Engineer: 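Let me give you the structure first, and then I'll get to my questions.
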Amino acid sequence: MQIEQLSVAELVEHIGKGDLSAAQCTEHFLGQIRDKNDDNGAFLAQCDQEAADAAKQIDASIAAGKSLGPLAGLPVAVKDGICTAGVTTTAGSKMLSKFVPPYDATIVSRLKDAGAIVIGKTNMDEFAMGSSNENSAFHPAKNPWNHDHVPGGSSGGSATAVAARMAPVAIGSDTGGSIRQPASFCGITGLKPTYGRVSRYGLIAFASSLDQIGPMTRSAEDCALVMQTLAGHDKKDSTSAPVDVADYMAALNKPLAGLKIGICKQHFEEGLGDEVRAKVNEAIDVLKSLGASTAEIELPYTQYGIAAYYVIAPCEASSNLSRFDGVRYTNRAAAEGLEEMYSKTRAEFFGEEVKKRILLGTHALSSGYYDAYYLKASKVRRMIKNDYDKAFESVDLILGPTVPTTAFKFNQHAADPLAMYLADVYTVAANLSGVPALSIPCGFDSAGLPIGLQLQARRFDEATLLQTAHQYQTQTDWHQRSPQS
Amino acid sequence: MNQTLETTPAQRDAVTDADVTLIVGLEVHVQLDTQSKLFCNCSTAYGADANTQTCPVCTGMPGTLPVINERALELAIKTGLALNCKIANYTKWDRKNYFYPDLPKGYQISQFDKPICGEGHLTISDAKAAFETRDIQIERAHLEEDAGKSIHDETGAKKPSKIDLNRTGTPLLEIVTKPDLRSAEEAKAFLTELKLILTYIDVSDCNMQEGSLRCDGNVNLHINVDGQKIATPIVEVKNLNSFRAAERAIAYEAARQLRVWKKDGLGIADAPKQTRGWDDANQKTTKSREKEDAADYRYFPDPDLIAVETTDQEINAIAATIEYLPAKLRTELMEDYSLEAYDTEVIVSQGIGVVKYYKTVADFLTKSASGLKSPGKTASNWVAQEVLRYLNEQNCEIGDYPVSGGQLGELLGRIAKGDFDQTRGKDVLAQMLENGANLEAAVEKLGIKTVDAGEVEALCQQIIEENQGVIEQIKGGKVQAVGSLIGKAKKLNPNINPNLVKETILKQIGI
Amino acid sequence: MSNLAQNVAKLARIDLPDAKAEAVQENLEKVLNYVQQLEAVELPDDIEPFFGAIESVNAIRVDELQPSYPREEILSNAPDSDGQFYKVPSVFDE
Ligand SMILES: [Mg+2]
Ligand SMILES: [Zn+2]
């Protein structure tokens, strides 16, 4: 049995039946990390001892015939921006290089309660600010399909880990595309749930009104299984929705007949790579062959999405990151007095991109600028949300490319940061409006790099996203291909 | 108002006190009496060891999120209602961003543009006219979390400051008045009445030593110069940790501002708002170390919290929990118990416990001694003089007073009936306080026995015989001379009822 | 605009050496120029801002105590503490 190629359902089944012990499974993936991490940098930390202990407990439960959680024995990699009790959680920043949270994020507790085993913490752009993983304060993660290319970001380590078969499942977070864009670049399936669907408690905030945790897996089916555990109201998170969770697994096998898919012209205009366009169009044909129909829709205000995003996210970030002041969390610069301690600590332990966004947000919120920036952007945000509400009156899904291009090379956008920001051009609107969105692989370019397809649905309709993605994956094998490295 | 009016030194010198109006607005932070903090489940109890009442949420650990304490909302609404405020059906939360080591998140969660309580007013007695009232307008009252405590090294050695976050996240209601107060005495009267209301409705213990009630004042002057009004720069005076401090600081600041203005002539448009602190030891305000340019708080809606909606029905239900308000009780005591304003104030200002006690005594007396001319007044005399003196001396609360209202009423009833006189009654009360509250036991212990009618007759007979001189005077029309005979009777028998002695003597000599 | 970077850096408590100020300023201006396109976006007069989060209300909790965290766990990440207090450099640094 080639353990790293097994699906989530297969792994859980084998472990439950006892023909693969949780200890064996865990050790296998920890071995994968040991073998590959030096090359691809997907992980910032490996939880050997904790994982081995947890696996032993699962095996003991199996031996004792106890009832098991739905993910019993499943190894999971967790983005390092999500707090894990007793395990260093850095958010990719030097600021938190030694930070050990005394508590688990709600989703970590939920995963553990379901029997999943945290095997390591994945690399990321510092405080989730970036689209390439080049902003990790420690080392970049590399795209497993070609190490000269970025894996995307900010959940680049999570995407790399899953694509390189170092973990069957990784947890990411998505503020402007941070799950979907790396999923697209690495050829995996990544879901950004509806805002409020998954608890944010324990997710180190970048931009609170946009952040959402989600699963990154190889297939839609794996994604559904994990999502079933992640989703649900959490009383520790006031922004988590008191909305019932659908049966995602049950939804997968429903036929697509009657499904109405919206196509937005803007997603296919200038800036979109030809190869990406071609593959996305092929995917539309596949879905049509399964009984779905398409209709043109308009999302006129989404053209301002990036601009609104680069006001709102830095504003929230500038405030969220104020707590890193050298008083409570691990690192402090040497200084004479308090004020110097603040400014030296924040200058020394924040990376350049993070500082830039803090300055942007501080400026945009400062006296005299609030109305022109934050307020105006939030009004544009309302218009974007209204666009979606209107579109979803006539269609069930919106389909388009996830990213205009395939994975770019390291340093490609060093000279022009705005070009990097445009990597999120198709993804930010889902964060601004709060709708769920998912990326699945739909082909490869001529260089052998994966191409991603984005599906967006009504709020709290993750089921339709997963169903459509799964039906597509019954007809295609893009999601089953593995990189050489 | 002409804010940039240039004045000459001569014009300024000519200004007298009559040309100056003091303008004061207050910001009062009240700690609401919840068990747990505003956004986490840590205790708000005072006095614990440093940093033992903290958790990831209130220490602002990365990833943690706030969840609103329902009770804090209720208490805020209750307070708003007692202050006649409009209660918002929709309220939300904002972040006030600033850096300070005892502010763990780098921002305070507060309310900016949609406070939970809108405009209202509080009625105080007018300092200028006794027993007249004046409404002080309330601008708003909003909920916010408290910061922690910094302990600075004051030796000048620049040693590190120490930070205790136990206090962080404690729910505060910030009550902001309009600049309606016109004197230091009025400011004190406002604070006194506010505290009384807050304790009556039981939303805060208002303990100023423990920081449960804190006050800042915004102070400036409006000066009339040849018919034009000039405003001096506004000064925020911080750290007014007692009512006396508030009164003195405001008075000091008023004098200081006039002095400075006479020297420099600067108006409100010429100088930024300044922050000064009250130095209680030296009885003066001093310029704060805080940097003036740091006050850009970058308020914006807190994305970690969602709005709170309260229906009128819910607000009404909270209103129904307000049982007692001082203003209402003042009217009640004056109308139903026929008390004078002064006596009423003595009782009401002591808090609801004393009011309830008083009413028990007065009600008992009204029922049991219907002959008494003013049972309300009798009860108030005893409560004001005897009970309050005891509480003061023993430094205790009315709940700890050993004699219940009913028992005191019973005692006063016995006096009214003539079983013994006031002086003897006080002995009985002292006995009850000392040796248990049982009235009969106390009476017996003091040896007070009801003297029977025959004994009174005999005793009076003896006194008449031994004091013929006085009797002649009485017969001659000087009836008040009987007083000296009563004194003699009491010496012969301390238990004898003086009224009965008087009646009997007069009857025996035929008057 | 010329002192923007330095003023904002001061407000954000991020030390910005003069040598770097110009480059940072340029970088900020690039983004600010880009987002300035929002200024020209026409909106209906009565449009309410959408600050995100969920469009629901009243996520509140009952006022009850739960045990606080052990002090050593709370202080364990502090760069300087005496086991009771966090310690920070003196505020009197002028
Ligand atoms: Mg305040
Ligand atoms: Zn707490």
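Just so you know, these numbers come straight off a predicted model, no measurement behind them.
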Engineer: Side chain from CB out, backbone as N, CA, C, O: work out which of these in Pro160(B) comes under 4.5 Å of a heavy atom of chain A, or both, or neither.
Structural biologist: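 For Pro160(B), neither part sits under 4.5 Å from chain A.
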Engineer: Kindly compute the distance separating OH (Tyr342(A)) from OH (Tyr100(B)), expressed to the nearest 0.5 Å.
Structural biologist: 8.0 Å
Engineer: Could you tell me the separation between the OG atom of Ser322(A) and the CG atom of Leu103(B), rounded to the nearest 0.5 Å?
Structural biologist: 9.0 Å
Engineer: For Asn320(A), is it the side chain, the backbone, both or neither that has a heavy atom under 4.5 Å from a heavy atom of chain B?
Structural biologist: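 For Asn320(A), the contact with chain B is made by backbone and side chain together.
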Engineer: What's the spacing between Lys105(B) NZ and Leu321(A) CG if we round to 0.5 Å?
Structural biologist: 14.5 Å
Engineer: Looking at chain B, which one of Met341(A), Lys236(A), Arg328(A) has the largest number of heavy-atom pairs inside 4.5 Å, strictly under?
Structural biologist: Arg328(A)
Engineer: With chain A, which of Pro301(B), Pro101(B), Gly106(B), Cys55(B) has the greatest number of heavy-atom pairs at distances under 4.5 Å?
Structural biologist: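 Highest number of heavy-atom pairs under 4.5 Å: Pro101(B).
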Engineer: Is the shortest heavy-atom distance from the side chain of Met61(B) to the side chain of Tyr329(A) under 4.5 Å?
Structural biologist: yes
Engineer: Show, in sequence, the C-alpha distance, side-chain angles and deciding distance for Val57(B) and Tyr201(A), and conclude whether the side chain to side chain contact (heavy atoms under 4.5 Å, CB included) test is met.
Structural biologist: CA-CA 10 Å; Val57(B) 175; Tyr201(A) 189 84; 3.7 Å; yes
Engineer: Counting only heavy atoms not in Lys235(A), do more than 12 fall under 6.0 Å of its NZ?
Structural biologist: no
Engineer: Please flag which part of Pro56(B) lies under 4.5 Å from any non-hydrogen atom of chain A: side chain, backbone, both or neither.
Structural biologist: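 Interface part for Pro56(B): side chain.
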Engineer: Shortest non-hydrogen contact from Arg95(B) to Glu316(A)?
Structural biologist: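 Smallest heavy-atom distance, with atoms named: NH1-O, 4.2 Å.
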Engineer: Distance from Asp304(B) atom CG to Ser209(A) atom OG, nearest 0.5 Å?
Structural biologist: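 Reported to 0.5 Å precision, the distance equals 9.5 Å.
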Engineer: Let me confirm one number: the CD1-CZ distance from Ile312(A) to Phe300(B), rounded to the nearest 0.5 Å.
Structural biologist: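 Between Ile312(A) CD1 and Phe300(B) CZ, I get 11.0 Å after rounding to 0.5 Å.
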Engineer: Measure Tyr103(A) against the heavy atoms of chain B and call it side chain, backbone, both or neither at under 4.5 Å.
Structural biologist: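 Just its side chain gets close to chain B.
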Engineer: Side chains of Trp93(B) and Ser238(A), heavy atoms from C-beta outward: is any pair under 4.5 Å?
Structural biologist: no
Engineer: Evaluate Tyr107(B) against Arg323(A) for side chain to side chain contact (heavy atoms under 4.5 Å, CB included), listing each step before the verdict.
Structural biologist: CA-CA 8 Å; Tyr107(B) 57 84; Arg323(A) 72 191 63 200; 3.1 Å; yes
Engineer: Judged by modelled atom types alone, do Ser367(A) and Asp296(B) share a side-chain donor-acceptor pair under 3.5 Å?
Structural biologist: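 Judged by distance alone, the side chains do not pair up.
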Engineer: Please classify the contact between Thr362(A) and chain B as side chain, backbone, both or neither, with a heavy-atom cut-off of under 4.5 Å.
Structural biologist: both
Engineer: Is the shortest heavy-atom distance from the side chain of Thr239(A) to the side chain of Pro303(B) under 4.5 Å?
Structural biologist: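 They are not in contact (no side-chain heavy atoms under 4.5 Å apart), so the answer is no.
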Engineer: Can you see whether Arg298(B) engages Tyr370(A) through a side-chain donor-acceptor pair at a distance of less than 3.5 angstrom?
Structural biologist: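 No pair is found: no donor N or O on one side chain lies under 3.5 Å from an acceptor on the other.
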Engineer: If you count heavy-atom pairs within less than 4.5 Å of chain B, which of Pro102(A), Ser366(A), Ala105(A) leads?
Structural biologist: Ser366(A)
Engineer: Flag the one option from Cys315(A), Ser378(A), Ser319(A), Gly202(A) with the top tally of heavy-atom pairs under 4.5 Å to chain B.
Structural biologist: Ser319(A)
Engineer: What pairs meet the salt bridge (Lys or Arg N to Asp or Glu O under 4.0 Å) rule with one or both residues in residues 36-51 of chain B, with sequence neighbours excluded?
Structural biologist: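 Qualifying pairs: none.
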